[in-house]
Amino acid sequence: MRRIATLSLFVLLPGCALFAPPYDPALEDAVAKGNEHAGKVTVCAELGLCATPESFADQQDNYTTAIASLKAGKVIAEGWEPPRFNATARRASDLIVEQIDGCQTSVIELLTIHREEGLAPGVGLSQPVDIACDLALSSVQLMK
């Protein structure tokens with residue numbers, strides 16, 4: 001009976017990988033780093049410290065690190081090739097990539113506004129970044 005139970009585990013557990021991308025700590029690290037640096041910019045905006053275009057120079061490193069980390073995460077996520085016959089795994093993989101891309105896009109949009117106009121506090125400019133990047137990171141972490 002014990003052999004059957006053990007054999008069942010070896011047969012069933014690998015099946016989970018058929019429905020979702022495998023967890024990759026490098027992916028989580030990249031998305032977490034992007035989220036962290038994007039968060040530094042959104043906090044700056046909410047505190048009113050990024051209200052002028054001149055303040056962009058102080059946050060440029062955070063933007064650069066966030067975007068570069070998210071691009072690296074996207075490359076890692078795109079590297080997982082689910083089985084062709086498994087539409088569920090393919091969709092899960094595509095969603096992770098889309099969420100990382102959504103975070104990256106919102107950071108780039110915030111960068112553009114910041115560089116051109118500054119980030120006025122309390123007008124909702126930082127929330128889309130926070131939401132998109134938190135969603136991407138949470139999705140990657142749920143792959144554990």
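Every value quoted in this text rests on a predicted model; they were computed, and no experiment measured them. Reckoned from all heavy atoms, side chains included, excluding hydrogens, waters and symmetry mates. Position 1 is the first residue of the sequence, and the numbers go up from there.
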Quiz item: Taking it one step at a time, do Glu81 and Arg90 satisfy side chain to side chain contact (heavy atoms under 4.5 Å, CB included)?
Solution: CA-CA 8 Å; Glu81 191 61 39; Arg90 172 143 328 271; 2.8 Å; yes
- Message: Run Glu54 and Arg115 through salt bridge (Lys or Arg N to Asp or Glu O under 4.0 Å) and show every step you take.
- Response: CA-CA 8 Å; Glu54 292 77 24; Arg115 186 173 35 208; over 6 Å; no
key: Criterion side chain to side chain contact (heavy atoms under 4.5 Å, CB included) on Phe56 and Leu111, from CA distance to verdict   = CA-CA 8 Å; Phe56 175 78; Leu111 176 150; 3.7 Å; yes
Search all heavy atoms of [X] against all heavy atoms of [Y] and return the closest pair with its distance.
X	Y	result
Cys133	Val107	SG-CG2, 4.1 Å
Ala66	Ala38	CB-N, 3.8 Å
Trp80	Ala89	CZ3-O, 3.6 Å
Cys103	Ser106	O-OG, 2.9 Å
Cys44	Gln59	SG-NE2, 3.7 Å
Glu28	Leu137	O-CD1, 4.1 Å

**Request:** May I ask you to check whether over 12 heavy atoms, not counting those of Asp58, lie within 6.0 Å of atom CG?
**Result:**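 More than 12 within 6.0 Å, yes.
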Step through the shown structure and confirm whether more than 12 heavy atoms of other residues, nucleotides or ligands are within 6.0 Å of NZ on Lys71.
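For Lys71, atom NZ is not crowded (no more than 12 foreign heavy atoms under 6.0 Å).
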How long is the gap from [atom1] on [X] to [atom2] on [Y], to the nearest 0.5 Å?
X	Y	atom1	atom2	result
Gln141	Asp134	CD	CG	9.5 Å
Asp24	Lys144	CG	NZ	12.0 Å
Leu95	Leu135	CG	CG	9.5 Å

Review point. How far apart are the C-alpha atoms of Leu27 and Ile100, what are their side-chain angles, what is the distance that settles it, and do they pass the side chain to side chain contact (heavy atoms under 4.5 Å, CB included) test?
Key: CA-CA 10 Å; Leu27 174 59; Ile100 295 168; 3.8 Å; yes
Donor-acceptor pair, [X] side chain versus [Y] backbone, under 3.5 Å?
X	Y	result
Ser55	Thr52	yes
Thr65	Asn62	no
Thr105	Asp101	yes

(Q) Between Lys74 and Glu98, does any NZ, NE, NH1 or NH2 come within less than 4.0 Å of an OD or OE carboxylate oxygen? (A)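 No, Glu98 and Lys74 are not salt-bridged.
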Are the aromatic rings of Tyr63 and His114 close, with centres under 6.0 Å apart?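 Ring centres of His114 and Tyr63 closer than 6.0 Å.
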### Message
Hydrophobic cluster membership, with links at side-chain heavy-atom distances under 4.5 Å among I/L/V/M/F/W/Y: are Val97 and Leu70 in one?
### Response
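Each belongs to a different hydrophobic cluster.
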Report the residue from Leu125, Thr42, Ile113, Leu119 that forms a side-chain contact (heavy atoms from CB on, under 4.5 Å) with Cys50.
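Answer to the side-chain contact (heavy atoms from CB on, under 4.5 Å) test with Cys50 among Leu125, Thr42, Ile113, Leu119: Leu119.
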Side chain to side chain contact (heavy atoms under 4.5 Å, CB included) between Gln99 and Ile96, intermediate numbers included:
CA-CA 5 Å; Gln99 289 170 342; Ile96 295 288; 4.3 Å; yes
